[in-house]
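To start, the structure under review is shown below, and the notes come after it.
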Number of protein chains: 2
Amino acid sequence: MTDAAQTISDRIQEKLDHLTRAERQLALSILENYPASGLGPLSALAKDANVSVPTVARMVQKLGYKGYPDFQSELREELRAKAKGPIAKHETWAEAAPSEHLLNRFTDAVIDNIRLTLGQIDPDAFDEACALVADPSRHLFIAGGRITHTLAEYFFMHMQVIRPNLTHVQSTSSTWPHYLLNAKEDDVFVIFDVRRYENNTLKLAEIAHARGAKIVLFTDQWRSPVHHLADITFSCRIIAPSAWDSTTTTMLLVETMISSVQNLNWDETKERMEHLEEMFDQTKLFRKFT
Amino acid sequence: MTDAAQTISDRIQEKLDHLTRAERQLALSILENYPASGLGPLSALAKDANVSVPTVARMVQKLGYKGYPDFQSELREELRAKAKGPIAKHETWAEAAPSEHLLNRFTDAVIDNIRLTLGQIDPDAFDEACALVADPSRHLFIAGGRITHTLAEYFFMHMQVIRPNLTHVQSTSSTWPHYLLNAKEDDVFVIFDVRRYENNTLKLAEIAHARGAKIVLFTDQWRSPVHHLADITFSCRIIAPSAWDSTTTTMLLVETMISSVQNLNWDETKERMEHLEEMFDQTKLFRKFT
DNA sequence: TCGAGACTGTTATATTTTTTTCACAATTTT
DNA sequence: AAAATTGTGAAAAAAATATAACAGTCTCGA
């Protein structure tokens, strides 16, 4: 444990379990900008982590240092050694694992996906899509297929809080709600379709398109055939070192859209969220934040 | 402080010619192990460079800083920026959008989450968890709560293809399958629990723990209370510029685990995937790949 | 539900360290 | 030799740290 080969970062992480709430909060804050934040004055660190000055002093000693200056000098020593060392590259994500480890390879691939996907996105189209989705006067249909079902559900769950007047449609479902057939011209469909593209989803899109509804499509880099019917298409790169494709990038886009729509409807959302909080408090479904 | 694009190292080197002998000696010493030596006390730096204390004070002001502490805080700021790495900063993701656009801010936050999360992961623990989950002789229970339900379902969906003998439990469900109460010692629970932590999930974990089953937990950086019962915990950073937390990082880990487990069980998975393909072809649920 | 105990922030103070500045002598440079 | 530079020693000022006492809060077990 007290081996010289151990970095202070390791040491903190190791003891993370034995720390109390405020101390853990502090520890995480230190790791956040490691090691810079630990090299400033104690008071600044405390403020940064939103804990009190004594908490910092107490934890540093708990970690086994004689005092804050002692802790700092070890940090500097580590920084010194690191700068000297031959391995200055920080290209691995899971630092404790070799770069060939799946953790690093997979993350590399996903970051690549994110980079390439975002690079192709037209921000105006994105904003336009958000505006469409945010408009409560349009009925919002959200549809996913077999794989994308979870994404659609995630999106639906959040939209439910943000706005009224929406429906979750599972394209693989044998029975579509009949009012879907009555979709109006002003309605919006958010459709998820990645390979392998599903016939049902295409049919659904055709119905929507025939009724003149707007279609926002999340698909992969090869583009679902729904693409021809969609008003706005987001194609996400989904390549991963796996037998399956990665949904992570699409998830990122979906979450960004949720955040954006939420901002557009903030007044109403706020109210709805407060109601939700109340409900949760009443049902005691959740524990108090610890 | 004047030029943002210039590092302090650059600044020192630039002025190197206009410095006197002792000052140059000091400057070179600072650059020797940069930036560590500049972050210690002034007196230590002076001693290190074999110059007097006033020389250090004089030069720092000559370089344009208000005082030694000012110089230090700039150094720390630089270190901070550098630690973020080239990927996190200095790059706009959606190139067509300004860096203040939500697309870029959100992605920045998520990349940060990924970096910090992966940095804390113990690859051995990860491999161990994958091995547990891959073992078909253990019954696999997958449980998620309100928010994490979609993640759990996504994981379950893929595990279904990879291995038999598994169950999806929705912790918020009013009725848990009765055989959950008969969980054996060798069984494995994969539990998702992020804030706000759910009491039902904790109860479920307690049952599992009481029966001696293994518990693998996916939680957030603050750690669900289930953590105390879990054999292996993955804490994912979930901060985002949004009223909600981001699940993207957790999704990344889940997908990595899926990929890893799939590799471990490849022989069987292959067979099952082929069966699945056949089924899909027969039901004509999917279109041919175009 | 209640109470003991642990945890944390607040406030205050003592202590230590660090920084800044000074005057002046020694040394080097021009 | 004059001017600039540098170190020495010291001391004042400022900042940072360590510690204590205490009250409010939360947790957990009875």
Just distance, no hydrogens or angles: give the donor-acceptor pairs under 3.5 Å from side chains in residues 62-69 of chain A, sequence neighbours left out.
| unit_1 | atom_1 | unit_2 | atom_2 | d |
| --- | --- | --- | --- | --- |
| A/Lys62 | NZ | A/Glu23 | OE1 | 2.9 |
| A/Tyr65 | OH | A/Arg11 | NH1 | 3.4 |
| A/Tyr68 | OH | A/Gly38 | O | 3.2 |
| A/Tyr68 | OH | A/Gly40 | O | 2.7 |

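- Take B/Arg138 and apply the side-chain contact (heavy atoms from CB on, under 4.5 Å) test, not counting sequence neighbours, and it matches B/Leu132, B/Asp135, B/Asp186, B/Val188, B/Lys214.
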Check nucleotides 6-10 of chain C for protein N or O atoms closer than 3.5 Å to its own N or O atoms and list the pairs.
| unit_1 | atom_1 | unit_2 | atom_2 | d |
| --- | --- | --- | --- | --- |
| C/dT8 | OP1 | A/Thr20 | OG1 | 2.8 |
| C/dT8 | OP1 | A/Arg21 | N | 3.0 |
| C/dT8 | OP1 | A/Ala22 | N | 2.5 |
| C/dT8 | OP2 | A/Thr20 | OG1 | 2.3 |
| C/dG9 | OP2 | A/Ser52 | N | 3.3 |
| C/dG9 | OP2 | A/Ser52 | OG | 3.2 |
| C/dG9 | OP2 | A/Thr55 | OG1 | 2.5 |
| C/dG9 | N7 | A/Arg58 | NH2 | 3.3 |

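- Separating the CD atom of A/Gln72 from the C1' atom of C/dT17 is a distance of 12 Å, rounded to the nearest angstrom.
- Spacing between atom CZ of A/Phe71 and atom P of D/dA18 amounts to 12 Å, rounded to whole angstrom units.
- OP1 or OP2 of C/dT21 sits under 4.0 Å from a side-chain N or O of B/Gln61.
- Between the OH atom of A/Tyr68 and the C1' atom of D/dT17 there is a distance of 10 Å, given to the nearest Å.
- Put simply, CG on B/Asp70 is 15 Å from C1' on D/dA14, counting in whole angstrom units.
- Scanning for side-chain hydrogen bond (donor to acceptor under 3.5 Å, both in side chains) contacts around A/Ser43 gives an empty result, with sequence neighbours left out.
- Scanning for ring pair (Phe, Tyr, Trp, His ring centres under 6.0 Å) contacts around B/Phe106 gives an empty result, with sequence neighbours left out.
- B/Leu39 has its CG atom 12 Å from the P atom of C/dT19, to the nearest Å.
- We find that OH of A/Tyr65 is positioned 16 Å from P of D/dT17, with the value rounded to whole Å.
- Using a 4.5 Å cut-off on side-chain heavy atoms (C-beta onward), B/Glu78 and B/Tyr34 make contact.
- Residues passing the side-chain contact (heavy atoms from CB on, under 4.5 Å) test with B/Ala210, sequence neighbours excluded: none.
- Annotation: salt bridge (charged side-chain N to carboxylate O under 4.0 Å, His left out) contacts involving residues 233-245 of chain B, sequence neighbours excluded, comprise A/Glu32-B/Arg237, B/Arg195-B/Asp245.
- Relative to the axis of its first five pairs, the axis of the last five pairs of the helix from C/dT1-D/dA30 to C/dT30-D/dA1 sits at 50°, rounded to 10 degrees.
- Listed by first then second residue, pairs satisfying side chain to side chain donor-acceptor pair (under 3.5 Å) with a partner in residues 47-57 of chain A read A/Ser52-A/Thr55, not counting sequence neighbours.
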